[in-house]
Amino acid sequence: KGALPQARKLVEGLLAKHPRHAVLLNMLGSIHSQSGQGPQALQVLRAAQKLDPYYAEAWYNEAQEWRRQDQGDNAIRAYRAAIARAPGSEKALLGYVTLRNQAMQAEQARPFAERLVALSPKSVPAQIALGNTLTLLRDYPGAEAALAEAVKLSRGTSAEALMLLAQAVS
């Protein structure tokens, strides 16, 4: 957190010269969010979105801020906006699937979890997300396959994958 004040000062200086720059606004919003200044973060991120409605990273950062504030429905909407603008955004897909699963909405999560694994089949978090989704849907053979793949990809070092695989096969 020691670098955040310096980063904020730098970005604010650049914004003084280029006030209508969506990337700089997104950076400032992210800094506000990481500094625990949620309302300011959302205000600046929305300004970035207004300048460039297709800027998926600003929507993703909004979703992350809503998650920090435990506002799951708002986070889901922002993740969906990020995914609509960048269908291959693994981090947006992972965030969306994770929130849907936490809300016990695995049916909505499933197509996004499958897309995530199709995009990044060697990703341990993607395989875990799919395994969680399939477990919630009581597709235990599918969950076991995804979680076994996560364990294999992590070379047995992912405690989360090992624990979830043990649950799926029991």
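All figures in this text were calculated on a predicted structure; none of them were measured in a lab.
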Checklist entry - Does OH in Tyr140 sit with more than 12 non-hydrogen atoms of other residues, nucleotides or ligands closer than 6.0 Å? => result yes
Next on the checklist: Let me confirm one number: the CE-CG distance from Met27 to Asn61, rounded to the nearest 0.5 Å.
Outcome noted: 10.5 Å
Checklist entry - Between Ser89 and Ala86, is there a donor-acceptor pair closer than 3.5 Å when you use the side chain of the first and the backbone of the second? => result no
Checklist entry - Between Arg67 and Ala63, is there a donor-acceptor pair closer than 3.5 Å when you use the side chain of the first and the backbone of the second? => result no
Item to check | Gln43, CD atom: more than 12 neighbouring heavy atoms under 6.0 Å | outcome: no
Next on the checklist: Rounded at 0.5 Å granularity, tell me how far OG in Ser30 sits from CD in Glu57.
Outcome noted: 8.0 Å
Next on the checklist: Does this structure show an ion pair linking Glu12 with Lys17, if we count only N-O contacts that are shorter than 4.0 Å?
Outcome noted: no
Checklist entry - side-chain hydrogen bond (donor to acceptor under 3.5 Å, both in side chains) with Arg110: which of Gln108, Glu114, Glu107? => result Glu114
Checklist entry - Hey, mind stepping through Gln40 and Leu28 against side chain to side chain contact (heavy atoms under 4.5 Å, CB included) and telling me if it holds? => result CA-CA 9 Å; Gln40 295 93 327; Leu28 182 59; over 6 Å; no
Checklist entry - Would Glu149 and Lys152 pass as an ion pair if we require N to O under 4.0 Å? => result yes
Item to check | From CD (Gln127) to CG (Leu116), nearest 0.5 Å | outcome: 8.5 Å
Checklist entry - Same hydrophobic cluster for Leu130 and Leu119, using side-chain heavy-atom links shorter than 4.5 Å among ILVMFWY? => result no
Checklist entry - For the hydrophobic clusters of this structure (ILVMFWY residues joined by side-chain heavy atoms under 4.5 Å, transitively), does one cluster hold both Leu4 and Leu45? => result no
Item to check | Minimal non-hydrogen separation, Met104 against Leu136, with atom names | outcome: CE-CD2, 3.4 Å
Checklist entry - Are Val117 and Leu134 linked, directly or through other ILVMFWY residues, by side chains that come within less than 4.5 angstrom of each other? => result yes
Next on the checklist: Quiz question: by atom type and distance under 3.5 Å, do the side chains of Arg8 and Ser35 form a donor-acceptor pair?
Outcome noted: no
Item to check | Gap separating the CG atom of Leu99 from the CD atom of Gln71, nearest 0.5 angstrom | outcome: 11.5 Å
Item to check | Whether Thr133 side chain and Ala129 backbone form a donor-acceptor pair below 3.5 Å | outcome: yes
Next on the checklist: Set out, in order, the CA-CA distance, both residues' side-chain angles and the distance that settles side-chain hydrogen bond (donor to acceptor under 3.5 Å, both in side chains) for Gln37 and His32, then state yes or no.
Outcome noted: CA-CA 5 Å; Gln37 301 168 326; His32 281 308; 2.6 Å; yes
Next on the checklist: side chain to side chain contact (heavy atoms under 4.5 Å, CB included) for Val97 and Arg100? Distances and angles first, verdict last.
Outcome noted: CA-CA 5 Å; Val97 169; Arg100 284 292 190 191; 5.8 Å; no
Checklist entry - Going by distance alone, is a donor N or O of one side chain under 3.5 Å from an acceptor N or O of the other, for Gln64 and Tyr79? => result yes
Next on the checklist: Looking at His21 and Leu24, would you say the former's side chain and the latter's main chain have a donor-acceptor pair under 3.5 Å?
Outcome noted: yes
Next on the checklist: Using 0.5 Å steps for rounding, measure from the CG atom of Leu93 to the CD1 atom of Ile83.
Outcome noted: 4.5 Å
Item to check | Atom of Asp52, atom of Ala22 and distance for their closest heavy-atom approach | outcome: CB-CB, 3.9 Å
Checklist entry - Is it true that a side-chain atom of Trp59 and a backbone atom of Pro53 form a donor plus acceptor pair closer than 3.5 Å? => result yes
Checklist entry - Should Leu10 and Val23 be regarded as members of a common hydrophobic cluster, given that ILVMFWY residues are connected when their side-chain heavy atoms come within less than 4.5 Å of each other, either directly or indirectly? => result yes
Item to check | Separation between CG of Leu153 and CD1 of Ile128, rounded to the nearest 0.5 Å | outcome: 9.5 Å
Checklist entry - With a 4.5 Å heavy-atom cut-off, do Leu42 and Trp66 have their side chains touching? => result yes
Checklist entry - Which heavy-atom pair separates Leu25 from Val44 by the least distance, and what is that distance? => result O-CG1, 3.0 Å
Checklist entry - Do you know the tightest heavy-atom contact between Thr135 and Ala168? => result OG1-CB, 4.4 Å
Next on the checklist: If you compare all heavy atoms of Arg68 against all heavy atoms of Ser33, which two are closest, and at what distance to 0.1 Å?
Outcome noted: NH1-OG, 2.6 Å
Checklist outcome for this item: Of all heavy-atom pairs linking Gln49 and Ala58, the shortest is NE2-O, 3.3 Å
Checklist entry - If you group Ile, Leu, Val, Met, Phe, Trp and Tyr by side-chain heavy-atom gaps below 4.5 Å, do Tyr96 and Tyr60 land in one group? => result yes
